[in-house]
Amino acid sequence: MKSSLRFSTLQPVLVFVFLALAASCAEKQKSEGDATTASAKIYITALDKSQLLQEHDVAGNSAKTPTETIHVDPSTTYQEIDGFGYTLTGGSALHISNMSAPARTALLQELFGRDSTSIGVSYLRLSVGGSDLDEYPWSYNDLPNGATDVDLAQFSLGYDTLYLIPVLKEILKISPELKLMGSPWSPPVWMKDNKDTRGGSLLPEYQAVYANYLAKYIQEMAKQGITIDALTIQNEPLHPGNNPSLLMLADQQANFIKNDLGPTFKNLGIKTKIIIYDHNADRPDYPISILNDADAAQYIDGSAFHMYGGEIDALSEVHEAHPTKHLYFTEQWVGAPGDFAGDVAWHNEVLIIGATRNWSKTVLEWNVAADEHQNPHTDRGGCDRCLGALTIIGDSVVRNPSYYIIAQASKFVPPGSVRMASTALDNVPNVAFKTPDGELVTILQNKEAAAKTIEIKLGETAVFVEMPAKSIGTLVYRNPNGS
(Lines give C-alpha, C1' and ligand atoms only; values in the text may rest on other atoms or scores of the structure.)
Protein backbone atom coordinates (compact mmCIF):
# COMPACT_ATOMS: atom_id res chain seq x y z
CA MET A 1 0.00 0.00 0.00
CA LYS A 2 1.22 3.52 -0.70
CA SER A 3 2.03 5.53 2.39
CA SER A 4 -0.53 8.15 1.34
CA LEU A 5 -3.26 5.82 2.59
CA ARG A 6 -1.67 5.74 6.05
CA PHE A 7 -2.20 1.97 6.34
CA SER A 8 -0.49 0.51 9.40
CA THR A 9 1.97 -2.35 9.15
CA LEU A 10 1.37 -4.31 12.36
CA GLN A 11 1.61 -8.08 12.76
CA PRO A 12 -0.93 -9.94 10.58
CA VAL A 13 -4.24 -10.91 12.07
CA LEU A 14 -4.71 -14.67 12.34
CA VAL A 15 -7.26 -15.55 9.70
CA PHE A 16 -7.89 -19.13 8.62
CA VAL A 17 -9.95 -20.68 5.87
CA PHE A 18 -11.49 -24.14 6.19
CA LEU A 19 -13.53 -26.06 3.61
CA ALA A 20 -15.76 -28.77 5.07
CA LEU A 21 -16.47 -31.27 2.31
CA ALA A 22 -17.52 -34.89 2.29
CA ALA A 23 -14.49 -37.16 2.32
CA SER A 24 -15.13 -38.54 -1.13
CA CYS A 25 -15.43 -35.04 -2.65
CA ALA A 26 -12.27 -33.92 -0.86
CA GLU A 27 -10.34 -36.92 -2.13
CA LYS A 28 -11.55 -36.33 -5.66
CA GLN A 29 -10.58 -32.65 -5.57
CA LYS A 30 -7.21 -33.52 -4.09
CA SER A 31 -6.53 -36.03 -6.83
CA GLU A 32 -7.54 -33.52 -9.49
CA GLY A 33 -5.45 -30.77 -7.95
CA ASP A 34 -8.50 -28.52 -7.36
CA ALA A 35 -8.46 -25.79 -4.71
CA THR A 36 -10.16 -26.85 -1.47
CA THR A 37 -10.14 -23.47 0.25
CA ALA A 38 -11.70 -20.14 -0.54
CA SER A 39 -9.37 -17.37 -1.68
CA ALA A 40 -9.73 -14.60 0.89
CA LYS A 41 -8.26 -11.42 2.31
CA ILE A 42 -9.38 -9.30 5.23
CA TYR A 43 -8.89 -5.57 5.77
CA ILE A 44 -8.87 -4.53 9.43
CA THR A 45 -9.41 -1.15 11.05
CA ALA A 46 -8.84 -1.16 14.80
CA LEU A 47 -10.58 1.55 16.78
CA ASP A 48 -7.32 2.31 18.60
CA LYS A 49 -5.79 3.14 15.17
CA SER A 50 -3.21 0.37 15.48
CA GLN A 51 -4.47 -0.82 12.10
CA LEU A 52 -6.09 1.30 9.42
CA LEU A 53 -7.52 -0.70 6.53
CA GLN A 54 -4.65 -3.13 7.01
CA GLU A 55 -4.65 -5.95 4.45
CA HIS A 56 -3.97 -9.49 5.64
CA ASP A 57 -3.52 -12.62 3.57
CA VAL A 58 -5.58 -15.57 4.68
CA ALA A 59 -3.78 -18.74 5.73
CA GLY A 60 -5.32 -21.97 4.44
CA ASN A 61 -5.96 -25.46 5.78
CA SER A 62 -6.38 -24.45 9.42
CA ALA A 63 -9.37 -23.81 11.64
CA LYS A 64 -10.15 -22.42 15.05
CA THR A 65 -13.12 -23.05 17.28
CA PRO A 66 -15.40 -20.09 16.63
CA THR A 67 -16.98 -17.95 19.32
CA GLU A 68 -19.60 -16.65 16.85
CA THR A 69 -21.00 -17.94 13.55
CA ILE A 70 -22.45 -15.89 10.72
CA HIS A 71 -24.32 -17.70 7.95
CA VAL A 72 -24.22 -15.95 4.56
CA ASP A 73 -26.84 -17.00 2.01
CA PRO A 74 -26.08 -15.83 -1.56
CA SER A 75 -29.39 -17.27 -2.74
CA THR A 76 -31.33 -14.65 -0.74
CA THR A 77 -30.68 -11.17 -2.06
CA TYR A 78 -32.02 -7.69 -1.46
CA GLN A 79 -31.24 -4.24 -2.89
CA GLU A 80 -28.58 -3.30 -5.41
CA ILE A 81 -26.00 -0.82 -4.16
CA ASP A 82 -25.55 2.50 -5.97
CA GLY A 83 -22.47 3.57 -4.03
CA PHE A 84 -20.70 4.89 -0.95
CA GLY A 85 -19.30 8.38 -0.61
CA TYR A 86 -19.66 11.93 0.62
CA THR A 87 -21.12 15.35 -0.08
CA LEU A 88 -18.78 17.44 -2.20
CA THR A 89 -19.67 20.82 -0.73
CA GLY A 90 -18.62 24.12 -2.25
CA GLY A 91 -16.13 24.51 0.58
CA SER A 92 -14.70 21.05 -0.08
CA ALA A 93 -14.23 21.91 -3.75
CA LEU A 94 -12.60 25.21 -2.79
CA HIS A 95 -9.93 23.50 -0.70
CA ILE A 96 -9.28 20.75 -3.26
CA SER A 97 -9.10 23.32 -6.07
CA ASN A 98 -6.53 25.39 -4.15
CA MET A 99 -4.09 22.45 -3.88
CA SER A 100 -1.18 22.28 -6.29
CA ALA A 101 -1.98 20.26 -9.42
CA PRO A 102 0.21 17.25 -8.49
CA ALA A 103 -1.17 17.07 -4.93
CA ARG A 104 -4.75 17.44 -6.15
CA THR A 105 -4.31 14.73 -8.80
CA ALA A 106 -2.83 12.33 -6.24
CA LEU A 107 -5.62 12.99 -3.75
CA LEU A 108 -8.44 12.55 -6.28
CA GLN A 109 -6.87 9.33 -7.53
CA GLU A 110 -6.70 8.06 -3.96
CA LEU A 111 -10.34 8.93 -3.33
CA PHE A 112 -11.96 7.89 -6.61
CA GLY A 113 -9.62 5.38 -8.21
CA ARG A 114 -10.18 1.61 -8.17
CA ASP A 115 -6.57 0.45 -7.88
CA SER A 116 -5.06 -1.08 -4.74
CA THR A 117 -3.93 2.30 -3.37
CA SER A 118 -7.36 3.96 -3.75
CA ILE A 119 -10.60 3.75 -1.77
CA GLY A 120 -13.06 3.70 -4.67
CA VAL A 121 -15.56 6.39 -3.65
CA SER A 122 -18.48 5.81 -6.02
CA TYR A 123 -21.17 8.36 -5.11
CA LEU A 124 -21.19 12.10 -4.40
CA ARG A 125 -23.94 14.42 -3.25
CA LEU A 126 -23.82 18.04 -4.44
CA SER A 127 -25.65 21.13 -3.25
CA VAL A 128 -27.89 22.73 -5.87
CA GLY A 129 -26.66 26.28 -5.35
CA GLY A 130 -25.07 27.08 -2.01
CA SER A 131 -25.09 24.99 1.16
CA ASP A 132 -24.14 25.98 4.70
CA LEU A 133 -20.58 24.83 3.94
CA ASP A 134 -20.04 27.49 1.31
CA GLU A 135 -18.37 30.85 1.88
CA TYR A 136 -21.81 32.50 1.72
CA PRO A 137 -25.37 31.53 0.69
CA TRP A 138 -26.13 31.92 -3.00
CA SER A 139 -28.33 30.58 -5.81
CA TYR A 140 -28.22 30.31 -9.60
CA ASN A 141 -30.60 33.26 -9.93
CA ASP A 142 -29.72 35.93 -7.39
CA LEU A 143 -31.36 39.29 -8.12
CA PRO A 144 -31.58 42.77 -6.60
CA ASN A 145 -34.23 43.19 -3.90
CA GLY A 146 -37.71 43.30 -5.40
CA ALA A 147 -36.69 41.88 -8.80
CA THR A 148 -38.05 38.65 -10.30
CA ASP A 149 -37.03 36.51 -13.28
CA VAL A 150 -39.83 34.05 -14.02
CA ASP A 151 -38.28 33.17 -17.38
CA LEU A 152 -34.95 32.41 -15.66
CA ALA A 153 -33.16 34.55 -18.23
CA GLN A 154 -30.43 35.33 -15.70
CA PHE A 155 -29.90 31.73 -14.57
CA SER A 156 -26.19 30.94 -14.25
CA LEU A 157 -24.18 28.13 -12.67
CA GLY A 158 -22.12 31.01 -11.35
CA TYR A 159 -20.06 30.15 -8.28
CA ASP A 160 -20.03 26.43 -9.15
CA THR A 161 -17.92 27.24 -12.22
CA LEU A 162 -15.06 28.51 -10.03
CA TYR A 163 -14.28 25.39 -7.97
CA LEU A 164 -16.94 22.68 -7.97
CA ILE A 165 -17.30 22.03 -11.68
CA PRO A 166 -13.53 22.01 -12.44
CA VAL A 167 -12.94 19.56 -9.55
CA LEU A 168 -15.86 17.39 -10.66
CA LYS A 169 -14.48 17.21 -14.17
CA GLU A 170 -11.16 15.96 -12.81
CA ILE A 171 -12.97 13.40 -10.68
CA LEU A 172 -15.05 12.14 -13.62
CA LYS A 173 -11.89 11.54 -15.65
CA ILE A 174 -10.81 9.13 -12.92
CA SER A 175 -14.27 7.64 -12.31
CA PRO A 176 -16.58 8.21 -15.29
CA GLU A 177 -19.32 6.02 -13.78
CA LEU A 178 -19.46 8.01 -10.52
CA LYS A 179 -23.08 8.73 -9.55
CA LEU A 180 -24.09 12.25 -8.54
CA MET A 181 -27.05 13.41 -6.45
CA GLY A 182 -28.12 17.05 -6.26
CA SER A 183 -29.83 18.53 -3.19
CA PRO A 184 -31.09 22.13 -2.94
CA TRP A 185 -30.75 24.01 0.35
CA SER A 186 -32.93 26.95 -0.76
CA PRO A 187 -34.59 28.41 -3.85
CA PRO A 188 -33.61 31.94 -4.89
CA VAL A 189 -34.90 34.33 -2.22
CA TRP A 190 -37.30 36.06 -4.61
CA MET A 191 -39.30 32.83 -4.80
CA LYS A 192 -39.72 32.66 -0.99
CA ASP A 193 -42.29 34.18 1.33
CA ASN A 194 -39.67 35.63 3.73
CA LYS A 195 -37.26 36.86 1.04
CA ASP A 196 -34.35 35.37 3.02
CA THR A 197 -31.85 32.60 2.32
CA ARG A 198 -32.69 31.11 5.73
CA GLY A 199 -36.08 29.54 6.41
CA GLY A 200 -39.33 30.61 4.83
CA SER A 201 -41.39 28.64 2.33
CA LEU A 202 -41.68 28.47 -1.44
CA LEU A 203 -44.46 30.78 -2.65
CA PRO A 204 -47.17 28.79 -4.48
CA GLU A 205 -47.06 31.18 -7.44
CA TYR A 206 -43.40 30.25 -8.03
CA GLN A 207 -43.74 26.46 -7.88
CA ALA A 208 -43.72 26.08 -11.67
CA VAL A 209 -40.79 28.50 -11.97
CA TYR A 210 -38.85 26.59 -9.32
CA ALA A 211 -39.49 23.33 -11.15
CA ASN A 212 -37.99 24.92 -14.27
CA TYR A 213 -35.07 26.18 -12.15
CA LEU A 214 -34.25 22.66 -10.96
CA ALA A 215 -34.66 21.30 -14.49
CA LYS A 216 -32.36 24.02 -15.82
CA TYR A 217 -29.72 23.06 -13.26
CA ILE A 218 -29.73 19.49 -14.56
CA GLN A 219 -29.62 20.65 -18.17
CA GLU A 220 -26.80 23.15 -17.58
CA MET A 221 -24.73 20.61 -15.67
CA ALA A 222 -25.25 18.16 -18.55
CA LYS A 223 -23.77 20.77 -20.90
CA GLN A 224 -20.66 20.64 -18.71
CA GLY A 225 -20.52 16.86 -19.15
CA ILE A 226 -21.91 16.26 -15.64
CA THR A 227 -24.91 13.93 -15.27
CA ILE A 228 -27.09 14.36 -12.21
CA ASP A 229 -28.39 10.86 -11.51
CA ALA A 230 -30.78 11.81 -8.70
CA LEU A 231 -32.27 14.93 -7.14
CA THR A 232 -33.68 15.28 -3.64
CA ILE A 233 -36.42 17.89 -3.44
CA GLN A 234 -35.06 19.70 -0.39
CA ASN A 235 -32.25 19.18 2.09
CA GLU A 236 -33.74 18.80 5.58
CA PRO A 237 -37.18 20.23 4.75
CA LEU A 238 -38.16 20.32 8.45
CA HIS A 239 -35.09 22.34 9.52
CA PRO A 240 -35.55 25.99 8.48
CA GLY A 241 -32.84 27.26 10.87
CA ASN A 242 -29.88 26.45 8.64
CA ASN A 243 -28.46 29.03 6.24
CA PRO A 244 -29.51 28.51 3.52
CA SER A 245 -32.66 26.47 4.19
CA LEU A 246 -36.36 26.11 3.37
CA LEU A 247 -39.36 24.81 5.29
CA MET A 248 -41.29 22.36 3.09
CA LEU A 249 -44.00 20.28 4.72
CA ALA A 250 -44.97 16.88 3.33
CA ASP A 251 -48.15 18.10 1.63
CA GLN A 252 -46.22 20.98 0.04
CA GLN A 253 -43.60 18.56 -1.29
CA ALA A 254 -46.25 16.20 -2.65
CA ASN A 255 -48.08 19.05 -4.41
CA PHE A 256 -44.86 20.43 -5.87
CA ILE A 257 -43.90 17.04 -7.30
CA LYS A 258 -47.23 16.01 -8.76
CA ASN A 259 -48.24 19.42 -10.12
CA ASP A 260 -44.92 20.90 -11.20
CA LEU A 261 -41.61 19.06 -10.91
CA GLY A 262 -42.74 15.63 -12.09
CA PRO A 263 -44.60 16.91 -15.17
CA THR A 264 -41.75 19.32 -15.97
CA PHE A 265 -39.16 16.53 -15.92
CA LYS A 266 -41.44 14.32 -18.00
CA ASN A 267 -42.10 17.02 -20.60
CA LEU A 268 -38.39 17.84 -20.92
CA GLY A 269 -37.33 14.20 -21.07
CA ILE A 270 -35.21 14.53 -17.92
CA LYS A 271 -34.39 11.09 -16.51
CA THR A 272 -32.93 12.29 -13.19
CA LYS A 273 -34.49 10.35 -10.31
CA ILE A 274 -36.74 12.32 -7.96
CA ILE A 275 -36.01 11.57 -4.30
CA ILE A 276 -38.20 12.82 -1.46
CA TYR A 277 -37.68 13.82 2.19
CA ASP A 278 -33.85 13.90 2.75
CA HIS A 279 -34.14 14.33 6.51
CA ASN A 280 -34.04 12.42 9.78
CA ALA A 281 -35.26 8.88 10.44
CA ASP A 282 -37.61 10.10 13.18
CA ARG A 283 -40.27 11.05 10.60
CA PRO A 284 -40.93 8.06 8.31
CA ASP A 285 -44.50 9.35 8.10
CA TYR A 286 -43.27 12.23 5.90
CA PRO A 287 -42.15 10.11 2.92
CA ILE A 288 -44.88 7.50 3.48
CA SER A 289 -47.59 10.17 3.26
CA ILE A 290 -46.17 11.46 -0.04
CA LEU A 291 -45.83 7.97 -1.50
CA ASN A 292 -49.44 7.29 -0.49
CA ASP A 293 -50.40 9.96 -3.03
CA ALA A 294 -50.47 8.04 -6.31
CA ASP A 295 -50.36 11.23 -8.39
CA ALA A 296 -47.06 12.20 -6.74
CA ALA A 297 -45.66 8.68 -6.36
CA GLN A 298 -45.67 8.04 -10.12
CA TYR A 299 -42.76 10.49 -10.45
CA ILE A 300 -40.81 9.38 -7.35
CA ASP A 301 -37.91 6.91 -7.27
CA GLY A 302 -37.53 6.79 -3.50
CA SER A 303 -36.80 8.48 -0.17
CA ALA A 304 -33.61 9.79 1.47
CA PHE A 305 -32.64 9.88 5.13
CA HIS A 306 -30.24 11.39 7.66
CA MET A 307 -29.70 10.12 11.21
CA TYR A 308 -29.64 13.16 13.49
CA GLY A 309 -32.82 11.75 14.99
CA GLY A 310 -34.77 8.48 14.99
CA GLU A 311 -33.70 4.87 14.47
CA ILE A 312 -32.19 3.35 11.35
CA ASP A 313 -34.89 0.68 11.08
CA ALA A 314 -37.33 3.44 10.14
CA LEU A 315 -35.97 2.94 6.60
CA SER A 316 -37.45 -0.56 6.60
CA GLU A 317 -40.77 0.89 7.75
CA VAL A 318 -40.84 3.01 4.60
CA HIS A 319 -39.75 0.02 2.50
CA GLU A 320 -42.52 -2.14 3.92
CA ALA A 321 -45.11 0.54 3.19
CA HIS A 322 -43.86 1.05 -0.39
CA PRO A 323 -41.58 -1.86 -1.36
CA THR A 324 -41.19 -0.78 -5.00
CA LYS A 325 -39.60 2.55 -4.00
CA HIS A 326 -35.91 2.86 -3.23
CA LEU A 327 -34.13 4.13 -0.14
CA TYR A 328 -30.99 6.26 0.18
CA PHE A 329 -28.90 7.34 3.14
CA THR A 330 -27.56 10.76 2.20
CA GLU A 331 -25.94 12.57 5.14
CA GLN A 332 -24.29 12.19 8.54
CA TRP A 333 -21.73 14.52 10.06
CA VAL A 334 -18.76 13.95 12.35
CA GLY A 335 -18.36 16.78 14.86
CA ALA A 336 -14.94 18.37 15.23
CA PRO A 337 -12.44 17.58 16.61
CA GLY A 338 -13.70 14.00 16.17
CA ASP A 339 -13.46 10.88 18.31
CA PHE A 340 -12.01 8.19 16.07
CA ALA A 341 -13.07 5.17 18.14
CA GLY A 342 -16.58 6.41 18.88
CA ASP A 343 -17.26 7.91 15.46
CA VAL A 344 -16.00 4.97 13.42
CA ALA A 345 -17.77 2.41 15.62
CA TRP A 346 -21.15 4.18 15.57
CA HIS A 347 -21.13 5.13 11.90
CA ASN A 348 -20.04 1.66 10.79
CA GLU A 349 -22.65 -0.15 12.88
CA VAL A 350 -25.58 2.22 12.29
CA LEU A 351 -24.89 3.37 8.73
CA ILE A 352 -22.52 1.14 6.75
CA ILE A 353 -24.12 -1.98 8.24
CA GLY A 354 -27.43 -0.67 9.59
CA ALA A 355 -28.58 1.45 6.67
CA THR A 356 -27.74 -1.19 4.08
CA ARG A 357 -29.44 -3.91 6.16
CA ASN A 358 -32.47 -1.61 6.07
CA TRP A 359 -32.59 -1.39 2.27
CA SER A 360 -30.48 1.70 1.59
CA LYS A 361 -28.77 1.82 -1.82
CA THR A 362 -26.23 4.42 -0.64
CA VAL A 363 -24.36 5.51 2.47
CA LEU A 364 -23.03 9.06 2.24
CA GLU A 365 -21.11 10.91 4.92
CA TRP A 366 -21.17 14.69 5.06
CA ASN A 367 -18.49 16.96 3.68
CA VAL A 368 -15.42 15.72 1.84
CA ALA A 369 -13.08 18.39 3.18
CA ALA A 370 -12.61 21.46 5.35
CA ASP A 371 -9.58 23.29 6.71
CA GLU A 372 -8.19 23.07 10.23
CA HIS A 373 -10.81 25.60 11.45
CA GLN A 374 -13.77 23.79 9.79
CA ASN A 375 -14.08 26.63 7.27
CA PRO A 376 -15.76 27.75 5.14
CA HIS A 377 -19.32 27.96 6.42
CA THR A 378 -22.11 30.50 6.24
CA ASP A 379 -23.27 32.79 9.04
CA ARG A 380 -26.63 32.52 10.85
CA GLY A 381 -26.73 28.73 10.97
CA GLY A 382 -23.84 27.38 8.94
CA CYS A 383 -22.07 24.39 10.47
CA ASP A 384 -18.93 25.53 12.30
CA ARG A 385 -18.08 22.06 13.71
CA CYS A 386 -18.44 19.84 10.64
CA LEU A 387 -15.24 17.81 10.44
CA GLY A 388 -14.44 16.87 6.86
CA ALA A 389 -13.43 13.38 5.85
CA LEU A 390 -10.21 15.24 5.05
CA THR A 391 -8.61 18.26 6.66
CA ILE A 392 -6.76 20.11 3.91
CA ILE A 393 -4.13 22.72 4.72
CA GLY A 394 -2.44 23.76 1.49
CA ASP A 395 -1.20 20.45 0.05
CA SER A 396 -1.24 18.71 3.44
CA VAL A 397 -4.03 16.17 3.99
CA VAL A 398 -5.21 14.66 7.28
CA ARG A 399 -7.55 11.66 7.01
CA ASN A 400 -10.33 11.85 9.57
CA PRO A 401 -12.93 9.30 10.79
CA SER A 402 -15.29 9.68 7.81
CA TYR A 403 -12.49 8.78 5.42
CA TYR A 404 -12.14 5.36 7.03
CA ILE A 405 -15.87 4.90 7.66
CA ILE A 406 -16.61 5.11 3.94
CA ALA A 407 -13.39 3.42 2.76
CA GLN A 408 -14.22 0.26 4.73
CA ALA A 409 -17.12 -0.23 2.27
CA SER A 410 -16.37 1.80 -0.87
CA LYS A 411 -13.03 0.12 -1.53
CA PHE A 412 -14.62 -3.34 -1.63
CA VAL A 413 -18.32 -2.94 -2.51
CA PRO A 414 -18.61 -1.28 -5.94
CA PRO A 415 -21.85 -0.08 -7.54
CA GLY A 416 -23.95 -2.95 -8.79
CA SER A 417 -23.15 -5.11 -5.78
CA VAL A 418 -26.16 -6.83 -4.25
CA ARG A 419 -26.79 -7.31 -0.55
CA MET A 420 -27.07 -10.94 0.54
CA ALA A 421 -28.73 -12.44 3.61
CA SER A 422 -26.52 -12.88 6.66
CA THR A 423 -27.11 -13.73 10.31
CA ALA A 424 -27.91 -10.66 12.42
CA LEU A 425 -25.80 -10.65 15.62
CA ASP A 426 -25.96 -7.90 18.26
CA ASN A 427 -22.33 -8.24 19.32
CA VAL A 428 -20.99 -8.79 15.78
CA PRO A 429 -22.97 -6.49 13.47
CA ASN A 430 -22.43 -7.48 9.85
CA VAL A 431 -23.67 -7.13 6.29
CA ALA A 432 -22.80 -9.18 3.20
CA PHE A 433 -22.65 -8.38 -0.52
CA LYS A 434 -21.92 -10.06 -3.82
CA THR A 435 -20.00 -7.82 -6.22
CA PRO A 436 -20.60 -7.67 -9.99
CA ASP A 437 -17.47 -9.76 -10.62
CA GLY A 438 -18.55 -12.45 -8.17
CA GLU A 439 -16.54 -11.61 -5.08
CA LEU A 440 -18.29 -12.12 -1.76
CA VAL A 441 -17.78 -9.35 0.77
CA THR A 442 -18.72 -9.33 4.45
CA ILE A 443 -18.28 -6.23 6.60
CA LEU A 444 -18.27 -7.17 10.27
CA GLN A 445 -17.59 -5.43 13.56
CA ASN A 446 -16.28 -6.82 16.84
CA LYS A 447 -17.88 -4.55 19.45
CA GLU A 448 -16.29 -6.27 22.44
CA ALA A 449 -13.07 -5.61 24.33
CA ALA A 450 -11.66 -9.07 23.59
CA ALA A 451 -10.57 -10.72 20.36
CA LYS A 452 -13.09 -13.04 18.72
CA THR A 453 -12.85 -15.98 16.38
CA ILE A 454 -15.75 -15.58 13.99
CA GLU A 455 -16.88 -18.26 11.56
CA ILE A 456 -18.51 -17.08 8.36
CA LYS A 457 -20.31 -19.98 6.71
CA LEU A 458 -21.13 -19.99 3.02
CA GLY A 459 -22.68 -23.31 2.18
CA GLU A 460 -19.94 -25.88 2.71
CA THR A 461 -17.20 -23.24 2.89
CA ALA A 462 -16.28 -21.81 6.30
CA VAL A 463 -14.06 -18.76 6.74
CA PHE A 464 -12.57 -18.31 10.20
CA VAL A 465 -11.57 -14.79 11.13
CA GLU A 466 -9.71 -13.76 14.26
CA MET A 467 -11.00 -10.23 14.86
CA PRO A 468 -9.04 -8.00 17.26
CA ALA A 469 -10.89 -6.31 20.11
CA LYS A 470 -12.92 -3.28 19.08
CA SER A 471 -12.29 -3.59 15.37
CA ILE A 472 -13.96 -3.58 11.98
CA GLY A 473 -13.08 -5.93 9.17
CA THR A 474 -13.99 -6.28 5.52
CA LEU A 475 -13.60 -9.86 4.36
CA VAL A 476 -13.28 -10.33 0.59
CA TYR A 477 -13.45 -13.90 -0.61
CA ARG A 478 -14.29 -16.03 -3.58
CA ASN A 479 -15.88 -19.45 -3.16
CA PRO A 480 -13.82 -22.13 -4.93
CA ASN A 481 -16.92 -23.66 -6.55
CA GLY A 482 -17.82 -20.25 -8.03
CA SER A 483 -21.15 -19.85 -6.20
Side-chain angles (χ1 to χ4, degrees), residues 77-89 92 111-112 114 119-128 131 168 171 175 177-183 227-236 272-281 284 287 300-308 310 312-316 318-319 322 324-334 347-368 389 402-420 431-436 441 443 474:
T77 58
Y78 304 97
Q79 80 277 19
E80 183 176 305
I81 297 300
D82 276 3
F84 297 89
Y86 307 97
T87 297
L88 180 65
T89 60
S92 298
L111 290 174
F112 299 98
R114 295 299 305 179
I119 66 169
V121 170
S122 52
Y123 206 110
L124 287 178
R125 182 171 175 242
L126 313 171
S127 62
V128 178
S131 78
L168 263 181
I171 292 169
S175 179
E177 302 305 314
L178 180 83
K179 282 188 166 61
L180 301 172
M181 170 184 283
S183 296
T227 299
I228 305 300
D229 182 72
L231 177 80
T232 70
I233 303 305
Q234 171 61 39
N235 173 68
E236 298 188 346
T272 300
K273 302 178 184 77
I274 293 175
I275 312 295
I276 58 173
Y277 191 43
D278 205 8
H279 208 168
N280 292 333
I300 296 168
D301 175 85
S303 309
F305 286 87
H306 306 176
M307 263 297 293
Y308 305 114
I312 198 64
D313 58 7
L315 278 66
S316 283
V318 179
H319 170 79
H322 293 279
T324 64
K325 300 300 184 180
H326 298 127
L327 293 165
Y328 302 84
F329 190 88
T330 50
E331 182 189 313
Q332 195 70 26
W333 82 319
V334 169
H347 285 242
N348 188 77
E349 180 178 0
V350 177
L351 306 183
I352 299 297
I353 294 172
T356 54
R357 286 191 77 103
N358 283 279
W359 295 95
S360 183
K361 292 170 69 68
T362 62
V363 176
L364 309 180
E365 291 278 305
W366 185 213
N367 52 317
V368 172
S402 288
Y403 174 91
Y404 295 100
I405 291 162
I406 290 300
Q408 201 75 44
S410 63
K411 186 174 178 66
F412 313 104
V413 185
S417 298
V418 177
R419 180 169 67 92
M420 305 182 293
V431 64
F433 305 94
K434 186 172 184 177
T435 70
V441 177
I443 301 171
T474 302

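- Counting heavy atoms from C-beta on, the side chains of Thr227 and Thr272 never come closer than 4.5 Å.
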After noting the C-alpha distance and the side-chain angles of Leu88 and Leu168, does the key distance pass the side chain to side chain contact (heavy atoms under 4.5 Å, CB included) rule? CA-CA 9 Å; Leu88 180 65; Leu168 263 181; 4.1 Å; yes
Could you go through Ile228 and Leu126, starting from their C-alpha distance and side-chain angles, then the distance that decides it, and tell me whether this counts as side chain to side chain contact (heavy atoms under 4.5 Å, CB included)? CA-CA 9 Å; Ile228 305 300; Leu126 313 171; 4.1 Å; yes
Pair Phe305-Met307, side chain to side chain contact (heavy atoms under 4.5 Å, CB included): steps then yes or no: CA-CA 7 Å; Phe305 286 87; Met307 263 297 293; over 6 Å; no
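- With rounding to the nearest 0.5 angstrom, the OG1 atom of Thr362 is 11.5 Å from the NE2 atom of His326.
- Side chains of Pro436 and Pro414 form a contact here, defined as non-hydrogen atoms less than 4.5 Å apart.
- Remark: Tyr123 engages no residue in a ring pair (Phe, Tyr, Trp, His ring centres under 6.0 Å) (not counting sequence neighbours).
- Taking each heavy atom of Ala355 and Phe329 in turn, the nearest pair found is CB-CB, 4.2 Å.
- The aromatic rings of Trp359 and Tyr78 sit perpendicular, their planes meeting at an angle over 60°, well past the 30° parallel limit.
- Side-chain atoms of Gln79 come within 3.5 Å of backbone atoms of Thr356 as a donor-acceptor pair (strictly under, hydrogens ignored).
- For the atom pair Tyr328 OH and Asp82 CG, the distance stands at 5.0 Å (nearest 0.5 Å).
- For Tyr86 and Trp366, the gap between ring centers reaches or exceeds 6.0 Å.
- Taking CD1 from Ile300 and OG1 from Thr324, the interatomic distance works out to 10.5 Å, rounded to the nearest 0.5 Å.
- For Asp313 against Asn358, the heavy-atom pair with the smallest separation is CA-OD1, 3.4 Å.
- By the 4.5 Å heavy-atom criterion applied to side chains, Pro415 and Glu177 are not counted as neighbours.
- In this structure, Arg419 CZ and Ser360 OG are separated by 10.0 Å, a value rounded to the nearest 0.5 Å.
- Looking at Thr87 and Asn367, their side chains never bring a donor and an acceptor atom within 3.5 Å of each other.
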Could you go through the side chain to side chain contact (heavy atoms under 4.5 Å, CB included) check for Ile405 and Leu351 one step at a time? CA-CA 9 Å; Ile405 291 162; Leu351 306 183; 6.0 Å; no
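- Distance CD1/Ile233 to CD1/Ile275: 8.5 Å, rounded to 0.5 Å.
- No donor-acceptor distance shorter than 3.5 angstrom exists from the side chain of Thr232 to the backbone of Asn235, with no hydrogens or angles considered.
- Here the shortest heavy-atom pairing between Leu327 and Leu315 reads CD1-O, 3.1 Å.
- Using bins of under 30°, 30° to 60° and over 60° for the plane-to-plane angle, the ring pair His306/Tyr308 lands in the perpendicular bin.
- Under 3.5 Å, the side chains of Glu365 and His347 contain a donor-acceptor pair of N or O atoms.
- Taking every heavy atom of both residues into account, Leu364 and Phe84 meet most closely at CD2-C, 4.2 Å.
- Each of Lys273, Lys361, Arg125 was scored for a salt bridge (Lys or Arg N to Asp or Glu O under 4.0 Å) with Asp229, with one residue passing: Lys273.
- Taking both residues in full, the closest heavy atoms of Thr435 and Phe412 are given as CG2-O, 3.7 Å, listed atom of the first, atom of the second, then distance.
- A donor-acceptor contact closer than 3.5 angstrom is absent between the side chains of Tyr404 and Asn348.
- Nearest approach of Leu124 to Leu178, heavy atoms of both residues: CD1-CD2, 3.8 Å.
- Between atom CE of residue Met181 and atom OG of residue Ser127 there is a gap of 13.5 Å, rounded to the nearest 0.5 Å.
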